[in-house]
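Data first, discussion second: the structure below is written as structure tokens.
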Amino acid sequence: MATNKRRNKKKGSCSCPICDDLIEDETQQSIFCEGICNTWLHRCCAGLSKAAFSGLEGSAEKFYCPHCRLQDQAVEISSLKEALASLQRDVAALQDLQTTGNQSVASSPEEPVLSNPRGPLPSTRPRHPSNTGSDRKFNLIVSGIEECASGTTRRDRLSHDNEKLSSLLTSLLPNFSEQSVRDCSRLGRYSSDRTRPLLVVLNRSCDVTTVLSNKSSLANRPNIKVNRDLPPSLRKTRSVLLTQRRHLISSGIDRSNIKIGKSELYVNGRKHGSVVGQEYKLARTQSEPLTNSTPNTPSTFSSTQSDIDRAPADVQESS
Ligand SMILES: [Zn+2]
Ligand SMILES: [Zn+2]
């Protein structure tokens, strides 16, 4: 024990480095400093009251004189300064990467591939308020991926989410690699009673289309929902279309025969209706029986092809 160690130290003819006077064991109290001093000091020179001194005598706590504590702090401060400088270099490097990414978005809006050998960057910035609709085509909203409990470190949370996302995307994207994902972050504030959706940013918009067209393979994982990141202005439309789709399915139409466009619904390749002013309006041709509809795809169909995907009937969209 430290107290024993203190007691057992042979003081011999020790002089106190603070006052340069000899320590008289018979008449003076003294304490051993475990710091750079590594020697005995007068109790008073060590800045200790009698009460503090007797408290220390009974404890196993190591004693450091004020000088050594300052010295320790100086060492800690310089190592903190070093860590800060290294962080500043990291931030500068990240800012460079971000600038490179933005430039490639500007020069090639279709496929801005951000080369990042260390995999997806941890998300540190909130979504930019000027995020336009065209940016969203790289985005996916993934709901139902379990979230780490509160108290989990940020690093562990990010690696958990990235792992779960990677294993999900592996089954939805045949050519999936770590480079496919640019960013992945939880949306909204943490709450213990719900799982926050993940905002996933892919590097290629065609991968978004592929994932959405393959999401029927998630049928065995009903909790997981993968959706397009719709701009707020389109969410209401989407919600109206999904409600209408549910009506059609419950009226006996096979869900595989119903396709959802940007603001229209197609049944058997024929326009069934569209959303006008947030309400569903039946198409004029709807008076013809569905069974007699021609299999020909309407001309408007191909123009919205990329927006067609199969959404589960129970998707909840908020507006
Ligand atoms: Zn002294
Ligand atoms: Zn000391």
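Heavy-atom basis, side chains included; hydrogens, waters and symmetry copies ignored. Numbering of ligands and ligand atoms starts at 1, following listing order.
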Problem - Exercise: do T153 and D156 side chains pair donor with acceptor under 3.5 Å - result: yes

Exercise for the section: Compute the angle centred on the Zn ion (ligand 2) spanning SG of C68 and SG of C37, and express it rounded to 10 degrees. Expected result: 100°

Handout entry: Name of whichever N/O/S atom of H42 is nearest to the Zn ion (ligand 1)
Key = ND1

Exercise for the section: Using a cut-off of strictly less than 2.8 Å, determine whether C16 has an N/O/S atom near the Zn ion (ligand 1). Expected result: yes

Problem - R182 NZ/CZ over F138 ring centroid, <6.0 Å and within 45° of normal - result: yes

Problem - Expected output: side-chain T170 to main-chain S166 donor-acceptor under 3.5 Å - result: yes

Exercise for the section: Applying ring pair (Phe, Tyr, Trp, His ring centres under 6.0 Å), name anything that partners Y280, two or more places apart in sequence or on another chain. Expected result: H272

